[in-house]
Each structure stands twice: as structure tokens, then as C-alpha cells.
Amino acid sequence: MARDKPAANIEIKVHSRHGDPAVEPSAAAARSRPSRTPSTGFGQFRPFKKWIPWLVPVFVVVNSVLFSITMYVNDCPKNSASCIGTFLGRFSFQPLKENPLLGPSPSTLEKMGALEVDKVVYGHQPWRLISCLWLHAGVFHILANMLSLVCIGIRLEQEFGFVRIGMLYIVSGFGGSLLSALFIQSGISVGASGALFGLLGGMLSELLTNWTIYENKLAALLTLVFIIVINLAVGVLPHVDNFAHIGGFISGFFLGFVFLVRPQFGWVSQQNAPRRHSSTSKAKYMPYQYVLWIASLLLLIAGFAVGLVFLFRGENLNDRCSWCHYLSCIPTSKWSCNSQKFSCETSQLGNQLNMTCLSNGRSGSYSLANSNSSEAQQICTQLCS
């Protein structure tokens, strides 16, 4: 049964990445790697292969190209009389009242594949759980996310290769979208931050599962935990989708035990030494690494399965958890966490649309050749702003 939706109700939730540090795994903790084997003359010894990063730059290009296409489709001068940066032509930005991030309108983001729960559940469009990862709400939004992706992702790809980091990025992003859809069911959501938090979660589990090959273990752990806590704390600000951050981080944390596990340093050294120098055989992985691998994979599969069942049954997990909404926004005297909802009364005769904002009483007449709900929502938002 479809849910009744308030007339012209629109809101953008972006996956923010304010305060993302330029973090590299090896900067957080130096790996114990001897430069040469002692008195053997074997030359340079590198126990772990270094990969040439190319996938993360491709992700940056794809996100940037899709943002340009979104702005082209948006065509602000055609739909609004007060665009920002009119010299850019159809690439100009929506008015700041409508989108303070310098970007397109909510209806354009929805058209391009933004996450909207009703369309996922009742419109049979589950692909939006993935497509929203590649869209951004504005220039500030995409700059913050892409800088974070470069700082975190390139070093991880150098360490672990494009296959594992690509899987970690996309699956974590899916996990972030899934948790967001279960808790935030009004408005739309876009952004790569769920996937980026997945990379942070993967870094934490990688540190734990590969504990024996790090030198400054405690310092590395405290530094990474501090960075993660600060970034999650930013998510309690209004209009930031912290559930996407949390879902991406948890997914990435479990995936790190699966994708980012390393062999024991002793086993790698043994593989690179002549057989006559090997007196005892070293196991490739420690027992706890196997346990974490199996447990994490099972928990992740179970979590995704339960989440998808709840989502397609139309469940709102806020009804089952009365305090969980504080994880995404904490109200203070400076701001409210209540979403601003615009409602308009409309009537249409032919191509003439008459609309009155119910909150401020403003009214206007608009000529629309092909009127649809997305265009009506955009006009209502402008009328009530």
C-alpha cells in the first residue's frame, strides 16, 4: 500500500565530509619493513607488493563528470529567474535559498538517481541505493568528498590493490544508503560519504587484524579512532545524513577483516628466503584472523539481509528505536532537527498551474507544458522560501 505524501515536500540530505583529514594508512602507523635482508646479498626486500593506484582517480573523474551532467540537465535559467553564476549558462546554480551548496535543484537530483525511499520501496527502483553514491548536491559537497577520497583512497589502493578497495568502497556505500533509507524516509539523499566512511572503517579493522606488523600500535589506533570520532561527531549537525556515515563505517569495518587481511610478516619473510635458511614453517595467517574473517562476513551478510527485508516491508526503524534519531541530529538552541516541509495548494487549467504556499500565503501562476510532481515540488520550494 503506497504511503500518502505531503504535497510538494522536498528536502536534501547530503553525506557531509567536513573535517576530513589527509590520512594515509602508513602515516598512521609505520610498517615494520626491513630494507634489506641481513648479510644475504638478496638485494631490496619488499614483503608487501605496492600497487599503482588508478581506480580511485577514475572514481574522482566519474563523480566529477556526473556532477557536470547533472548541472547540464538542471538548466537553472530555464526553471528559475534568480540563478547563481548566470555567465555559466545552463550550468549556473540554483538560488542559495534552494541549494546553499551551489548545485542543482532537488528535482534534478531525484531525476538523476538520488536516494528516495518511496521510489526504492514502492517504485521498485532499488538501484537508487547505489546510484546516489555518485551524485552530489553542490560544488562544496563534491570538493569535500573528492579531496577526502584522494587523501584516503589512493594510499589504500597502493597498499591493497584496486579490486579490494573498489569492493570496499561500493559495498560500504551500499551499506550507508541502506541504513539511511531505514531511518531517514523524507526527502532525498546523495553523496559518497557513506563509501568514504567505509574506507575509514576498513582502515580501523585492517589495523586490528594486522596488529602484529605495526610498530607503534597504540599510537596508530588512538590516532585513527580520534579521526573517526571527530568525523562522526560532525554528522550530528542538521541536514547531514549521519546514518549514511554510520552504515558505511560499520560495513567498511566488517569488510576490512575480509578484504584487508595480510599474511604474517614471518610467513612473507620465509617465502622470500632460500629454503636452507628456513628452519621452521610459519603459518600464513593467525587463527584470530580466520575467526574475524568468518565472523565479519556472516555478520555483514545477515545485516544486509535483515536491512533489505525491513526496507522493502516499508519499515521505519525510528518506530523501533525512540532515541536513534539523535545519532543523525542533536537539537540545540542554535538549530532545530525538524525537517522544513513546504506544502502548497495547486490547481491547473491546461498548461496554467496556479499555486499557493500554505506557510506564507504567497501565490503565483506558472506555465508548464508537461507538469509533473518534481517540477511542482521545485516551484513550491521556491514559492515558500
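Residues W323 and L232 fall within the same hydrophobic cluster, defined by Ile, Leu, Val, Met, Phe, Trp and Tyr side chains chained together at heavy-atom separations under 4.5 Å. Cluster annotation: V229 and L196 are assigned to the same hydrophobic cluster (Ile/Leu/Val/Met/Phe/Trp/Tyr, side-chain heavy-atom contacts under 4.5 Å, transitive). Hydrophobic cluster membership is shared by L133 and M167, with clusters built from Ile, Leu, Val, Met, Phe, Trp and Tyr side chains linked at under 4.5 angstrom. At a threshold of 4.5 Å between side-chain heavy atoms, the hydrophobic network of Ile, Leu, Val, Met, Phe, Trp and Tyr places L298 and F259 in one connected group. Residues V225 and L222 are members of separate hydrophobic clusters, defined by side-chain heavy-atom contacts under 4.5 angstrom among Ile, Leu, Val, Met, Phe, Trp and Tyr.
The shortest distance between side-chain heavy atoms of S328 and F183 does not fall below 4.5 Å. Side-chain contact between S177 and I130: absent, with no pair of heavy atoms (C-beta onward) separated by less than 4.5 Å. Between V139 and F93, the closest side-chain pair of non-hydrogen atoms falls below 4.5 Å. Taking the side chain as every heavy atom from C-beta outward, L255 and L297 never approach each other to under 4.5 Å. A heavy-atom distance below 4.5 Å is found between the side chains of P104 and F67. With contacts defined as side-chain heavy-atom distances shorter than 4.5 Å, the pair F304/V171 qualifies. Using a 4.5 Å heavy-atom cutoff, the side chains of P100 and F140 are not in contact. At least one side-chain heavy atom of L311 sits under 4.5 Å from a side-chain heavy atom of L129.
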Next item on the list: Kindly determine whether I227 and M203 satisfy side chain to side chain contact (heavy atoms under 4.5 Å, CB included), including the steps that lead there.
Entry: CA-CA 11 Å; I227 292 169; M203 288 172 64; over 6 Å; no

Item checked: Criterion side chain to side chain contact (heavy atoms under 4.5 Å, CB included) on F257 and L208, from CA distance to verdict -> CA-CA 8 Å; F257 291 118; L208 296 176; 4.3 Å; yes

Note to self: Please evaluate residues N63 and H136 with respect to the criterion side chain to side chain contact (heavy atoms under 4.5 Å, CB included), reporting the C-alpha separation (whole Å), side-chain torsions for both, the decisive distance (0.1 Å), and the verdict.
What the structure shows: CA-CA 8 Å; N63 279 277; H136 289 83; 3.1 Å; yes

Next item on the list: With side chain to side chain contact (heavy atoms under 4.5 Å, CB included) as the test, would you mind laying out the steps for V117 and L182 before giving the verdict?
Entry: CA-CA 8 Å; V117 176; L182 289 170; over 6 Å; no

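Within a 6.0 Å sphere centred on OH of Y288, heavy atoms belonging to other residues, nucleotides or ligands number more than 12. The environment of CH2 in W293 is sparse: at most 12 heavy-atom neighbours from other residues, nucleotides or ligands sit within 6.0 Å. The number of heavy-atom neighbours closer than 6.0 Å to CZ of F312, taken from other residues, nucleotides and ligands shown, is above 12.
Taking the six-membered ring where tryptophan is involved, the planes of F162 and W54 are tilted, since the angle between them lies from 30° to 60°.
Between the CG atom of D319 and the SG atom of C321 there is a distance of 10.5 Å, given to the nearest 0.5 Å. Between the CG atom of L200 and the CZ atom of F253 there is a distance of 12.5 Å, given to the nearest 0.5 Å. Taken from OG in S296 to CD1 in I301, the straight-line distance is 11.0 Å, to the nearest 0.5 Å. A distance of 11.0 Å separates OG1 of T223 from CD1 of I228, quoted to the nearest 0.5 Å. Note that the CG atom of L88 and the CE atom of M71 stand 8.0 Å from one another [nearest 0.5 Å]. With rounding to the nearest 0.5 Å, the separation of CE in M112 from OG1 in T70 is 3.5 Å.
The backbone N or O of P95 lies less than 3.5 Å from no partner atom in the side chain of E98, so there is not a single donor-acceptor pair. Judged by distance alone, the side chain of E206 and the main-chain N or O of R262 form no donor-acceptor pair under 3.5 Å. Listed for the N74 side chain is no donor-acceptor partner under 3.5 Å among the backbone atoms of G103. Without hydrogens or angle criteria, R164 side chain to L156 main chain gives no donor-acceptor distance under 3.5 Å. Formation of a donor-acceptor pair under 3.5 Å by the T209 side chain with backbone atoms of S205 is not found in this model. Judged purely by atom type and a 3.5 angstrom limit, N231 has no side-chain atom pairing as donor or acceptor with the backbone of H245. Using a distance-only test at 3.5 Å, with no hydrogens or angles considered, no donor-acceptor pair links the side chain of S80 to the main chain of P77. Of the possible polar contacts, one joining the D241 side chain to the A244 backbone as a donor-acceptor pair under 3.5 Å is found.
Partners of V60 under the side chain to side chain contact (heavy atoms under 4.5 Å, CB included) rule, at least two apart in sequence or in another chain, are S64, M146, L149, V150. A search for ring-ring contact (aromatic ring centres under 6.0 Å, His included) contacts involving Y285 returns Y290, not counting sequence neighbours. Among residues two or more places apart in sequence or in another chain, the side chain to side chain contact (heavy atoms under 4.5 Å, CB included) test is passed with P53 by I154, E157, Q158.
Between G247 and S251, the closest heavy-atom pair is O-OG, 2.8 Å. Scanning both residues, K50 and E159, for their nearest heavy atoms gives NZ-OE2, 2.7 Å. Taking all atoms of both residues into account, the shortest heavy-atom contact from E116 to I188 is CB-CG2, 4.1 Å.
When each of L115, L109, V120 is checked for a side chain to side chain contact (heavy atoms under 4.5 Å, CB included) with C132, only L115 meets the rule.
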